[in-house]
Amino acid sequence: MSLRTQSVLCLTLLLSLPVQAFGPHGHQTVGGIADQLLAGSTTAKKVRAILGSNLQMAAVWADCAKGVGQAKVGTPFVYDGSGPYPECTYYENPASQKAMEDFVRRNATHCYANSSDEVCRHKSYHYTDVAIQRDHYAKDLAGTSDHDLISAMQACITVLQGGRSPAPFQIASKKEALRLLAHYLGDVHQPLHVVSIYLDAAGHAVDPDAAAGLDPKTSTKGGNTLLLGASKLHGLWDSIPGSLATELLAGAGVASARAVPASAGELALWPTTWATDTVMSSKPALAGLSFGPKAANGSWPATAAAGYSKERVALQKQQIIKAGARLAELLRAIWP
Ligand SMILES: [Zn+2]
């Protein structure tokens, strides 16, 4: 199949699904923009040789791997995610399912229904929770960890540069590292995967980095316990309009991505730099809201000012363009 036919098919798929999660379509758009930026380069050849696919396809692998679980502690890790995620059908064959199962087994203590991200550890690789009061990402801040998104990106870069996977990450190959990195570049640009608001029972913002320390009861779990109407705030920010994905993949994304400034400093520090950029650019995602008291089910009701959803789409577009540009920039730096 020619590349051109592939992209027409992808566009058709996107057009047929008007609203989908940042999950698949946000990530695929990030990967697709990077594919277009790298087209014809030696970097692109290296990427294709390692992945056996393009970045657009690889960018959803880390989410598809969330379909791996255990019936209960001590039972085998099995991929059972088929069905609800059409973008994962590409990986629903025996060899690919085994690859996802192997990855989760290495990167989880247990992973049964409702097990926390601390024990089903690979799920925590997708985010960090820097408080909205901060102006940068740093590893000593509340909400960050040695197995958060930024640490995960750094581990992937180490493996792609030929190093050993640093603990606690168990990344087995460059193929696995590249699949993960293609996804994590999207996550580090999704505002609610990086910036968090911590609330007391009355719905007032608290500072988890203050002397009293982080009270777990104040965590809003990346916006998963903040409800805007009936919708989880996290889900709203994961969702991008299908029309936006189509517009960006049809050429507008690559054109804008060429204007994204180059990342400064050492390559190993870029994940921290990008997380800081998201902290600073994405505060309106939470600052534009007010919150009511915590409900018995552990959620807080949120109220948005007029124009919030329009601003959301504008910020999502900006972040996806940056993510695509930076994924290409990073891979070019690793394989010039
Ligand atoms: Zn993710």
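Note that ligands are numbered from 1 as they come in the structure, with each ligand's atoms numbered from 1 the same way. Here the structure is a predicted model, which means the values were calculated and not measured.
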query: Among the N, O or S atoms that His126 has, which is closest to the Zn ion (ligand 1)?
result: ND1

message: With disulfide (SG to SG under 2.5 Å) as the rule and sequence neighbours excluded, what pairs involving residues 307-336 come up?
response: none

- request: Confirm or rule out an N/O/S atom of His193, from backbone or side chain, lying less than 2.8 Å from the Zn ion (ligand 1).
  value: no

task: Look only at the side chain of Gln36 and the backbone of Leu249, and say whether a donor-acceptor pair between them is shorter than 3.5 Å.
output: yes

field: Residues Lys98 and Asp102 bridged, charged N to O under 4.0 Å
entry: yes

- prompt: Which atom, counting only N, O or S, brings Asp187 closest to the Zn ion (ligand 1)?
  reply: OD2

message: Distance check below 2.8 Å: does His27 bring an N, O or S atom to the Zn ion (ligand 1)?
response: no

- request: For Lys221, check salt bridge (Lys or Arg N to Asp or Glu O under 4.0 Å) against everything at least two apart and list the hits.
  value: none

